[in-house]
Amino acid sequence: MKILVAIKQVPVRDSPLRVNAAGNWIAEDDLSFEINEPDAYALEEALQLKEKHSGEVIAICAGPARAQQTIREALAKGADRAIHIETGNLAAFDTLGIAKLLAAEAGSESPDLILTGLQSDDLGYGQTGVVLAELMGLPHSTIIMQVEVKGSAIRVKRELEDGWFQHISMPLPAVLTIQSGINKLRYATLMGIKKAKTKEIRRVSAAAPAEPTVRIEKIYAPQKAKQAQIFSGDPKTAAAALVEKLKFEARVL
Amino acid sequence: MKVLAILEHNAGRLHRMSWECLAAVQQLASEAEAALVGSSIAELAREAAAKQAARVWAVEHPLLENYTADGYTAALEQLLRKTTPDLVLLPHTYQTRDFAPKLATRFGRALISDAIAAGPESGSVTFVRQFFQGKLSGDVRAAGPGPHFASLQAGAWRTDALAAGSATIERFAPQLDAAQIRQTPEAPFREAERAVDLTAAELIVSVGRGIGEKDRIPVVEDLAKALGAELAASRPICDAGWLPMERQVGSSGQTVSPKLYLAVGISGAIQHLVGMKGSKTIVAINKDANAPIFEVADYGIVGDLFEVVPALAAEIRKVKS
Ligand SMILES: Cc1cc2nc3c(=O)[nH]c(=O)nc-3n(C[C@H](O)[C@H](O)[C@H](O)COP(=O)(O)OP(=O)(O)OC[C@H]3O[C@@H](n4cnc5c(N)ncnc54)[C@H](O)[C@@H]3O)c2cc1C
Ligand SMILES: Nc1ncnc2c1ncn2[C@@H]1O[C@H](COP(=O)(O)O)[C@@H](O)[C@H]1O
């Protein structure tokens with residue numbers, strides 16, 4: 001089974017975020033980057049499926065040169081090879097543009113299964129996988145918490161709201177967007193890290209971006225709807241002030 | 001501007017967020033329309049038609065009885081080619097996540113997902129949405145000719161402004177063929193009964209990823225004990241198996257509204273907030289003063305939870321004794 005996993009590199013969680021000079025994205029110079037969280041679960045799912053059904057896991061990533069580090073980490077965890085669609089200007093593409101970049105490379109691989117994360121931690125559009133499926137003419141399902149391969153078809157468990165789930169079957173090849181928590185993530189072994197150095201990363205330069213249909217005009221700190229009363233000072237003083245309020249103002253103690 | 005709301009329904013009822021979506025359409029449209037997709041939805045269409053709109057489209061076909069991404073996309077593509085709206089709005093539900101990007105792609109458009117407000121500019125399609133899980137906001141503009149597509153965040157548009165009226169109901173029968181629909185859905189189900197009913201709890205202390213490791217959960221557990229509160233968690237804590245799934249609060253967990261919800265080391269992503277923002281009093285403890293959780297909190301302490309939480313537990317024990 002040939003499985004393609006789309007991984008995106010995003011700023012490390014809890015990074016201090018500053019708006020860039022143009023005011024339309026964050027300043028990225030001093031940030032560290034890591035794999036988008038649900039994509040780590042998608043990769044793990046691909047590795048587990050390969051262990052069960054044999055085959056090949058290929059990581060695919062569109063991003064600048066620095067994304068190579070994240071790609072290497074995926075290889076160290078067990079992906080067999082990778083495709084790096086290089087672009088210094090990811091922000092010039094809208095989701096449709098990104099999905100087109102991915103579709104062009106994914107198409108020539110003819111995978112049996114494509115996994116993406118359900119949502120990126122930075123943009124949070126939650127749609128690249130679905131758009132990719134549509135561009136490639138493949139069936140898809142989203143927010144997946146379990147994957148069962150049944151010959152030339154799959155049966156997946158899709159998460160619904162409020163703790164509900166649903167099983168859905170569809171023929172392969174297909175695209176799934178994977179939800180965090182579907183499996184238990186592995187760590188890269190020393191052996192894996194060593195092996196990763198010899199694995200193939202095929203680099204292609206991204207096609208020029210088309211005129212985006214959706215554009216981020218401006219990024220800013222959110223407006224606060226409600227003003228929280230913040231207690232400062234040393235922990236003991238702050239805690240005492242809070243308890244006072246909870247007792248006499250909110251009357252919950 | 002002609003704006004169409006795609007209304008979601010489950011188990012014979014219109015989704016609560018469908019009304020929010022219709023309220024948004026009423027605000028933004030010069031010509032408001034709504035559409036419902038299903039197999040026998042006359043009753044639901046009548047319910048929707050009691051609100052102010054030019055018309056309600058009942059998109060009906062036996063193959064639309066159960067939701068599938070392929071079926072809904074094919075049916076709605078045909079409707080949109082016929083009705084040519086400038087803008088299509090949907091509630092940002094799990095179902096919309098599943099098919100709306102596909103539908104937008106059919107029209108060469110990208111969906112503006114999870115919008116929290118209509119943009120500042122009028123005359124163009126601009127929406128405000130969150131980036132970085134709510135840590136930043138951004139104005140996002142759709143360019144070029146319509147239809148444009150946007151999905152709306154739960155609770156972002158209020159239904160109290162929803163105007164009553166009497167819309168014309170029009171039936172639309174799409175051309176569908178069973179071979180087009182590749183997904184075969186089974187009936188929705190719930191996992192085994194929940195052993196913990198957080199919805200009944202009056203006081204909840206909830207722990208998030210700020211706790212760092214499983215072994216440190218007792219720090220927060222002790223605060224819950226001091227308060228006599230139930231212990232709950234954000235999703236990553238349950239994903240990691242640090243606490244059982246049944247203690248998860250949020251869109252894929254339980255929705256709670258206790259007298260007191262004390263969030264410790266939780267950033268306040270929307271999927272968590274929808275599960276707890278109805279709480280009467282919200283307290284947040286977080287080391288990041290800009291964490292989105294403070295936007296819904298009544299009280300907060302900015303600081304390291306490993307210093308603040310033990311101090312708070314001690315103070316609570318003091319007033320209780
Ligand atoms: C479809 C979907 C459904 C989802 N359903 C849910 C759901 O039901 N429930 C849910 O919770 N999430 C859900 N999520 C995930 C959600 O988007 C967030 O990723 C999640 O809520 C983040 O959890 P968190 O706040 O604990 O972690 P983080 O976002 O990592 O936040 C950790 C916080 O801890 C703070 N912190 C770190 N160290 C300390 C310290 N020493 N002292 C004090 N503060 C500290 C940080 O400043 C940060 O704000 C869902 C996501 C999707 C896409
Ligand atoms: N630049 C990219 N390179 C590789 N995969 C991506 C990229 N952008 C998005 N994806 C995939 O699409 C998923 C959803 O992203 P988004 O639509 O931005 O929320 C991510 O979890 C990734 O799996």
Side-chain angles (χ1 to χ4, degrees), chain A residues 14 17 94-96 121-127 130-131 133-135 139-143 159-171 180-181 211-222 224-226 228-232 235-236 238-240 242-243 245-247 250 252-253, chain B residues 69-70 93-94 97-98 101-102 105 108-114 130-144 182-186 188-191 203 235 239 251-253 255 259-260 281 283-284 292 294-303 307-308 311-312 315-316 319:
Chain A
D14 293 347
L17 303 174
D94 62 5
T95 326
L96 200 54
D121 287 338
D122 52 357
L123 292 169
Y125 288 140
Q127 53 177 316
V130 179
V131 176
E134 171 63 16
L135 293 176
H140 77 272
S141 192
T142 53
I143 324 188
E159 185 178 296
L160 306 173
E161 280 107 341
D162 298 327
W164 287 83
F165 297 93
Q166 182 176 33
H167 283 111
I168 296 167
S169 299
M170 75 199 81
S180 294
E211 190 59 27
T213 69
V214 162
R215 194 195 300 273
I216 301 170
E217 305 249 281
K218 198 171 138 208
I219 292 275
Y220 45 90
K224 290 192 164 71
K226 192 158 139 185
Q229 288 186 52
I230 304 287
F231 304 102
S232 46
K236 192 174 175 322
L242 173 60
V243 167
K245 290 285 180 183
L246 292 180
K247 193 166 172 159
V252 289
L253 289 185
Chain B
D70 283 348
T93 59
Y94 286 30
R97 283 169 172 272
D98 198 56
K102 184 176 170 75
T105 305
R109 300 275 153 239
L111 167 75
I112 299 177
S113 56
D114 214 7
Q130 298 172 312
F131 291 90
F132 292 94
Q133 307 216 344
K135 290 179 197 93
L136 292 172
S137 289
D139 298 342
V140 178
R141 188 154 106 142
R182 296 162 294 182
Q183 298 94 352
T184 312
E186 298 171 37
F189 65 95
R190 266 193 156 162
E191 308 273 75
L203 308 170
R235 176 163 187 140
D239 279 349
S251 67
S252 50
T255 301
K259 279 199 315 200
L260 173 66
T281 299
V283 178
F294 287 118
E295 284 160 47
V296 299
D298 300 284
Y299 306 105
I301 296 180
V302 178
E307 292 173 11
V308 174
L312 186 58
E315 286 301 320
I316 286 165
V319 300

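What you see below is based on every heavy atom in this structure, not just the backbone, and it leaves out hydrogens, waters and symmetry mates. The sequence lines fix the lettering, A, B, ..., with proteins before strands; numbering per chain opens at 1.
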If you tally heavy-atom pairs under 4.5 Å against chain B, which of [options] wins?
options: A/Thr95, A/Asp14, A/Val131; answer: A/Val131
options: A/Pro222, A/Ala240, A/Gly181; answer: A/Pro222
options: A/Val130, A/Val252, A/Asp122; answer: A/Asp122
options: A/Glu161, A/Met170, A/Lys236, A/Lys218; answer: A/Glu161

Heavy-atom distance under 4.5 Å between the side chains of [X] and [Y], does that happen here?
X: B/Tyr94; Y: A/Thr142; value: no
X: B/Phe131; Y: A/Tyr125; value: yes
X: A/Asp162; Y: B/Arg190; value: yes

Winner by heavy-atom pair count (cut-off under 4.5 Å) against chain A, out of B/Ile316, B/Val140, B/Val308, B/Leu203 = B/Val140
Could you tell me which of B/Ala69, B/Gly134, B/Ala110 has the largest number of non-hydrogen atom pairs under 4.5 Å with chain A?
-> B/Ala110
Name the region of [X], side chain, backbone, both or neither, that has any atom closer than 4.5 Å to a heavy atom of chain B.
X: A/Asp94; answer: side chain
X: A/Leu123; answer: both
X: A/Leu160; answer: both
X: A/Ile230; answer: both
X: A/Ser232; answer: neither
X: A/Ile216; answer: both

Working to the nearest 0.5 Å, report the span between CG of B/Leu312 and CG of A/Leu242.
-> 5.5 Å
Any chance you could measure B/Asp70, atom CG, to A/Glu134, atom CD, to the nearest 0.5 Å?
-> 8.5 Å
Assess whether side-chain contact (heavy atoms from CB on, under 4.5 Å) is satisfied between A/His140 and B/Arg182, documenting all intermediate values.
-> CA-CA 9 Å; A/His140 77 272; B/Arg182 296 162 294 182; over 6 Å; no
Short question: side chain of [X], backbone of [Y] - any donor-acceptor pair under 3.5 Å?
X: A/Gln166; Y: B/Glu186; answer: yes
X: A/Glu159; Y: B/Ser252; answer: no
X: B/Arg97; Y: A/Ile143; answer: no

Distance-minimising heavy-atom pair for [X] and [Y]:
X: A/Leu96; Y: B/Thr105; value: CD1-CG2, 3.8 Å
X: B/Ala297; Y: A/Ala228; value: O-CB, 3.2 Å
X: B/Ala143; Y: A/Pro212; value: CB-O, 4.1 Å
X: A/Ala250; Y: B/Thr281; value: CB-OG1, 3.7 Å
X: A/Gly124; Y: B/Ser113; value: O-OG, 4.0 Å

Side chain / backbone / both / neither for B/Asp298 at chain A, heavy atoms under 4.5 Å | both
Decide side-chain contact (heavy atoms from CB on, under 4.5 Å) for B/Phe132 and A/Asp121; before the verdict, give the C-alpha distance in whole Å, the side-chain angles of both, and the deciding distance to 0.1 Å.
-> CA-CA 6 Å; B/Phe132 292 94; A/Asp121 287 338; over 6 Å; no
Classify the angle between the aromatic ring planes of A/His167 and B/Phe189 as parallel (below 30°), tilted (30 to 60°) or perpendicular (above 60°).
-> parallel
